[in-house]
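Below is one structure, written out as structure tokens, with a few remarks after it.
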Amino acid sequence: MNNIQPSLEIDVAGIRMKNPVMTASGTFGYGSEYVDFIDLNKLGAVVVKGITSVPWAGNSMPRIFETPSGMLNAIGLQNVGVDGFIDKKLPYLRNFDVPVIVNICGEQVGEYLEVTEKLDAADGVAAIELNISCPNLHCGGMSFGVDPKLTDELVKGVRGKTTLPLLVKLSPNVTDITVIARAAEGAGADGLSVINTALGMAIDINTRRPQLANVTGGLSGPAIKPIALRMVWQVYNAVSIPIIGMGGIMNGEDAIEFCIAGAAAVAVGTANFINPRASLDVVEGITEYLERHGMRSIEKLVGSLEVP
Amino acid sequence: MNNIQPSLEIDVAGIRMKNPVMTASGTFGYGSEYVDFIDLNKLGAVVVKGITSVPWAGNSMPRIFETPSGMLNAIGLQNVGVDGFIDKKLPYLRNFDVPVIVNICGEQVGEYLEVTEKLDAADGVAAIELNISCPNLHCGGMSFGVDPKLTDELVKGVRGKTTLPLLVKLSPNVTDITVIARAAEGAGADGLSVINTALGMAIDINTRRPQLANVTGGLSGPAIKPIALRMVWQVYNAVSIPIIGMGGIMNGEDAIEFCIAGAAAVAVGTANFINPRASLDVVEGITEYLERHGMRSIEKLVGSLEVP
Amino acid sequence: MLVPTKKFDLPTEVISNELVAENHYLLRCSCPEIAAGALPGQFIHVLIPQGSGLLLRRPFTIYTVEGDEITMLYQLIGEGTNVLSSLKRSDSIRVLGPLGNTFEISPAPDPAVIVGGGAGIASLMLLAAALRENGAHALGLVGSMNSARLLSVEDLEAIGIETYIATDDGSVGHHGFVTELLMEILETHEMKNPQIYACGPDGMLRVVTKIALDYRIPAQLAMENRMGCALGVCLGCVCKVRMPSGGFEYQRVCTEGPVFNAEDIIW
Amino acid sequence: MLVPTKKFDLPTEVISNELVAENHYLLRCSCPEIAAGALPGQFIHVLIPQGSGLLLRRPFTIYTVEGDEITMLYQLIGEGTNVLSSLKRSDSIRVLGPLGNTFEISPAPDPAVIVGGGAGIASLMLLAAALRENGAHALGLVGSMNSARLLSVEDLEAIGIETYIATDDGSVGHHGFVTELLMEILETHEMKNPQIYACGPDGMLRVVTKIALDYRIPAQLAMENRMGCALGVCLGCVCKVRMPSGGFEYQRVCTEGPVFNAEDIIW
Ligand SMILES: Cc1cc2nc3c(=O)[nH]c(=O)nc-3n(C[C@H](O)[C@H](O)[C@H](O)COP(=O)(O)OP(=O)(O)OC[C@H]3O[C@@H](n4cnc5c(N)ncnc54)[C@H](O)[C@@H]3O)c2cc1C
Ligand SMILES: Cc1cc2nc3c(=O)[nH]c(=O)nc-3n(C[C@H](O)[C@H](O)[C@H](O)COP(=O)(O)OP(=O)(O)OC[C@H]3O[C@@H](n4cnc5c(N)ncnc54)[C@H](O)[C@@H]3O)c2cc1C
Ligand SMILES: Cc1cc2nc3c(=O)[nH]c(=O)nc-3n(C[C@H](O)[C@H](O)[C@H](O)COP(=O)(O)O)c2cc1C
Ligand SMILES: Cc1cc2nc3c(=O)[nH]c(=O)nc-3n(C[C@H](O)[C@H](O)[C@H](O)COP(=O)(O)O)c2cc1C
Ligand code: FES
Ligand code: FES
């Protein structure tokens with residue numbers, strides 16, 4: 001123990017944050033839903049639900065299912081659309097002194113570009129997170145995030161439309177995540193979000209129907225943490241842009257694991273559903289760890305894994 | 001309820017079994033370790049620990065780590081080698097009336113072929129399970145199971161060396177498991193084992209070292225069940241050879257889920273560590289389910305998922 | 001009916017947790033902030049204690065409010081309610097609430113016909129109390145599998161609500177569905193400004209909706225669905241709601257609901 | 001030292017589960033079949049009750065055997081032992097055992113020097129009892145962080161074993177490591193056919209090994225490691241063992257161990 005007061009402030013991919021803890025897209029709404037529990041100003045960044053060019057209705061029900069230490073979701077990107085977001089959701093977030101990162105999605109490259117242009121012109125967007133990995137969509141039968149060429153094309157396109165920091169969110173459902181990571185880096189991404197949900201499924205044995213109307217869905221929560229950590233470490237060793245680590249982070253200790261594996265920042269997802277204060281608890285947990293280990297900042301921790 | 005006594009007997013990939021429940025390779029030793037708890041004659045089949053051409057020492061410690069609803073392992077295929085297996089382990093198993101399936105592995109195609117030839121000539125081997133998916137080995141930097149061409153080559157090679165039923169065990173660490181599944185089918189596999197462990201990792205935040213000496217390891221147990229089920233269903237829709245489903249099966253209900261997704265038989269792995277009777281409990285659970293639903297056999301259940 | 005109540009996530013202790021009917025328990029705990037704001041139909045999202053192995057919380061309607069204390073009346077369904085039922089006095093739980101919207105009760109219905117199937121009646125108890133406080137005339141219709149599982153009849157009668165019973169096996173009251181009882185009562189009672197309030201299994205709610213439409217009586221349903229966050233962010237709990245425009249929208253049971261107009265629900 | 005004991009996986013109930021020292025508990029349960037076969041050094045693999053959220057069992061040495069009952073003495077380490085410590089009389093657990101090999105005690109050591117660090121002493125209690133039954137001369141060396149965490153001294157003395165204490169903070173006995181005590185005793189005592197039996201943290205066992213080699217005294221160590229199956233199949237619990245041939249082999253703590261000759265272990 002000693003008296004160094006660690007500073008959690010960091011700059012990740014050009015986004016200046018008070019601490020390295022974000023909320024994961026789709027698990028924190030548009031921020032307003034959590035103000036009874038959290039001072040948004042204390043977060044590193046708020047990442048909002050995936051936005052598309054026009055409002056999407058989403059998938060039919062059931063949409064979620066609990067699995068051992070995890071949950072499956074197939075929401076189908078129900079969202080208000082980029083115009084609705086800018087008109088109805090963004091103004092509220094401008095009341096806070098916290099970077100707002102907008103997660104965007106689409107079925108065609110053109111849709112991504114349209115959303116990007118509108119967000120680039122809007123006031124109060126700190127960065128764009130490109131979701132090329134939503135497991136509940138079928139962009140020509142396969143999502144962008146599993147093909148390095150499609151990734152390159154899409155990221156280059158979006159890069160051309162904005163000067164905002166650009167994060168690219170990678171899918172775990174690939175043979176070699178470093179290939180996609182390098183494609184995104186090469187195409188101009190400023191940072192990588194690792195990982196989105198793993199594709200999974202569950203069945204009701206009495207009705208013999210899938211537990212999700214969409215049949216398959218994205219697995220999140222502690223169950224996928226080992227997979228997420230492995231991928232963060234792989235990507236860390238493959239690229240030189242910063243990584244936002246996520247997948248099953250429930251507390252500060254989980255977050256520290258991601259940092260040691262190579263994450264410059266982390267995002268808290270499913271944990272928000274179980275504990276609405278989870279993201280701030282993670283901030284506090286990280287602070288305590290740094291204090292306990294006499295570290296002034298988190299930077300020395302990033303990628304500090306000692307391999308035997 | 002009614003009085004039909006279901007028959008669990010099946011023929012999977014040319015292996016005649018009393019019931020569709022096997023033990024998963026690496027989780028049941030060579031069978032003898034469980035005789036205090038289980039009458040081996042009551043199992044569908046015993047699948048033994050992966051065998052290589054020469055004895056392997058295995059990885060250094062630590063080799064296992066518990067994760068939320070799962071465990072990581074990086075054993076590194078410690079085994080007695082094919083000669084040791086045939087001389088010291090197989091004779092004991094010949095005392096039982098249960099098919100013995102031998103899981104085999106290697107770093108080079110040649111090693112697989114050598115092991116296959118010896119097993120083909122041995123007495124008491126019911127089938128070979130080709131492990132092309134061990135996450136703790138590095139065959140030229142990448143395991144066979146993530147590349148359809150390597151899969152084709154290896155399976156064809158092994159196929160040429162034996163007339164025994166040939167199962168090919170697939171890795172979940174791929175973008176599209178159906179590509180590998182079709183490659184294995186095309187090359188002459190009689191059945192597919194789906195899935196091996198998912199590649200994961202965990203870190204000790206106090207020492208900043210990996211929890212496994214091998215850094216990464218294979219994730220098994222209930223945590224991966226949703227991923228395994230999804231892959232069984234995908235493979236079921238892609239090939240016409242039978243599937244042995246596995247990944248997180250703890251009880252009869254889990255097994256039934258795999259059958260509905262498309263598995264003709266199942267294997268019980270990590271559950272053996274928690275409950276040494278797990279495999280027989282699964283047999284009983286399946287029987288009860290069939291009785292409760294008035295089904296005479298499991299065949300009608302296989303792939304019976306009703307997609308909305 | 002959308003009410004932006006301030007929400008709290010409170011650690012608290014179980015005061016009591018008793019078997020009140022076969023397979024059904026009543027759990028009491030002290031949550032002053034939630035008790036102060038709770039409206040009829042609102043619910044809490046309960047964190048099953050650490051180490052239970054369950055990830056997500058479980059939602060339950062606030063059954064009664066007495067001073068600082070709230071109760072929930074719950075049925076054993078699966079692992080979560082099983083662990084809940086094992087909790088004893090002074091065991092810790094966390095309670096998030098009050099959540100969701102509330103029933104519309106003005107202009108005062110005459111009568112209010114409250115229809116509860118199984119544990120569904122739990123969602124209607126605070127409503128019944130509020131109606132009585134407002135001096136509204138209310139009838140209670142309680143459906144159950146059998147007499148051993150019958151819930152809330154005494155609680156309803158204690159606040160002066162005329163209560164009718166239907167059981168699937170006829171062990172008490174009408175032999176058959178509570179919806180049959182509903183039809184009978186609509187046929188036999190004089191009604192000035194009737195309103196139906198219902199909660200129960202989906203099958204029952206569909207029949208209630210049909211009856212309400214047939215008789216042109218407005219009906220409000222307390223809906224249930226699997227829940228993730230219960231805060232409106234995961235979009236996991238939606239139901240399909242008819243829009244005035246003619247289209248539909250997926251609305252969140254945890255936020256736009258749990259109370260919906262029966263005619264708006266697309267099943 | 002390999003003993004093929006018949007193994008049982010038994011459901012049983014907690015008889016008692018008491019705090020016996022700061023951070024340490026003694027759990028008692030009835031397992032006739034295991035009690036009948038248990039040998040010194042053997043262990044059980046305990047299934048933490050359903051719903052605890054933990055997947056794997058946890059291994060603990062059999063501390064004592066009394067009729068049909070066995071006890072285990074355990075330290076609070078993480079979640080598993082935390083859940084264990086919350087168990088009360090008549091709570092259910094499952095116990096797999098007896099597992100592993102046993103200590104070599106013939107020809108009778110003179111004296112047997114038993115060295116336990118922290119909860120490690122738990123692995124040596126049945127051994128101590130067996131030595132006394134055989135009439136062997138045994139000394140007990142017990143190391144602990146401080147007096148509050150001191151374990152087993154009374155139990156050892158009750159069976160007539162001369163016991164020496166070392167604490168890290170000097171609050172009782174020798175101020176320092178139990179290995180220092182070991183050296184002192186080897187220097188000051190007359191020894192005809194000495195044998196060291198040790199269990200404790202890795203660091204301690206390495207020093208014990210060095211001392212044993214220096215003094216050319218045979219030593220047996222009860223090793224610990226993370227365990228999966230405890231039945232010899234997962235190969236997760238291995239330690240590195242020197243082979244007579246000159247090479248090494250990874251041997252299973254659960255099967256070839258937990259007791260190994262100190263000189264064979266490659267750290
Ligand atoms: C707003 C709201 C209020 C509720 N209020 C009450 C209440 O006051 N009293 C009460 O007893 N219950 C109430 N419920 C239902 C209650 O939440 C579930 O019964 C509970 O979550 C089951 O948890 P479990 O872990 O025991 O079962 P699980 O293991 O989660 O589920 C077991 C099985 O039941 C199914 N199931 C899960 N939830 C429901 C559901 N809501 N309806 C039907 N089947 C379901 C699952 O799909 C699964 O097949 C309410 C639900 C909602 C959404
Ligand atoms: C053959 C054998 C016999 C044992 N006998 C006893 C006994 O009689 N009394 C007793 O108190 N303990 C004994 N142990 C150790 C005991 O098994 C562990 O302390 C226990 O499993 C910890 O479980 P947990 O869930 O509380 O901690 P976990 O959450 O599993 O572990 C918490 C932390 O402690 C580490 N850890 C886990 N196991 C050990 C270990 N064996 N040694 C050091 N660190 C560990 C983990 O890596 C982790 O970092 C024995 C172990 C073995 C292998
Ligand atoms: C209900 C739900 C909705 C999600 N929606 C989105 C989304 O719109 N866009 C996106 O990129 N990721 C989405 N995700 C993925 C999360 O942002 C995160 O990557 C993933 O859940 C892993 O983190 P976790 O385990 O902490 O939840 C969603 C996850 C959940 C559980
Ligand atoms: C400790 C351990 C060792 C394993 N060894 C092998 C092996 O040698 N060969 C193989 O094909 N699979 C091996 N597996 C994978 C299992 O056979 C199985 O495919 C996987 O664990 C998923 O099933 P489960 O979740 O039921 O354990 C091993 C798994 C574990 C946990
Ligand atoms: S439960 Fe998450 S939106 Fe309703
Ligand atoms: S714990 Fe599995 S081999 Fe020892």
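A note on names: the letters A, B, ... follow the listed sequences, proteins ahead of strands, and every chain is numbered from 1. Computed from a predicted structure; not experimentally measured.
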Please check if atom CD in A:E253 has more than 12 non-hydrogen atoms from other residues, nucleotides or ligands closer than 6.0 Å.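 Atom CD in A:E253 is not packed in, count stays at 12 or less.
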Residue, of A:G70, A:P68, A:C259, that accumulates the most heavy atom pairs under 4.5 Å with chain B: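 Sorted descending by pairs with chain B, the first entry is A:P68.
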Per-residue contact mode, A:S304 against chain B (heavy atom under 4.5 angstrom): both
Which atoms of A:L229 are under 4.5 Å from chain B, going by heavy atoms: the side chain, the backbone, both sets, or neither?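 Both the backbone and the side chain of A:L229 come within 4.5 Å of chain B.
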Give me the atom names and distance for the closest heavy-atom approach of [X] to [Y].
| X | Y | answer |
| --- | --- | --- |
| A:H293 | B:I205 | NE2-O, 4.4 Å |
| B:A213 | A:P308 | O-CG, 3.6 Å |
| B:M295 | A:R208 | CE-NH2, 2.8 Å |
| A:L199 | B:R230 | O-NE, 2.8 Å |
| B:L219 | A:P226 | CD1-CG, 4.0 Å |

CD1 on B:I260 to CG on A:D204, rounded to 0.5 Å: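 Between atom CG of A:D204 and atom CD1 of B:I260 there are 8.0 Å.
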Interatomic spacing from CH2 in A:W233 to CD1 in B:I203 - rounded to 0.5 Å: 9.0 Å
Who wins among B:I256, B:V215, B:T67, B:V232 for the most heavy-atom pairs under 4.5 Å with chain A? B:V215
Side chain, backbone, both or neither: which part of B:L72 has an atom under 4.5 Å from a heavy atom of chain A?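 The answer is the side chain of B:L72.
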Please flag which part of B:F258 lies under 4.5 Å from any non-hydrogen atom of chain A: side chain, backbone, both or neither. neither
Among B:T175, B:I180, B:D147, exactly one meets side chain to side chain contact (heavy atoms under 4.5 Å, CB included) together with A:T175. Which residue is that? B:T175
What do the steps show when you test B:N173 against A:V174 for side-chain contact (heavy atoms from CB on, under 4.5 Å), and what is the final call? CA-CA 7 Å; B:N173 306 305; A:V174 294; over 6 Å; no
With no hydrogens and no angle check, is any side-chain donor or acceptor of B:E306 less than 3.5 Å from a backbone partner on A:R209?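 No: the side chain of B:E306 does not pair with the backbone of A:R209.
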Kindly indicate, with the supporting measurements, whether the criterion side-chain contact (heavy atoms from CB on, under 4.5 Å) is fulfilled by B:M201 and A:L305. CA-CA 12 Å; B:M201 174 172 169; A:L305 184 73; 3.5 Å; yes
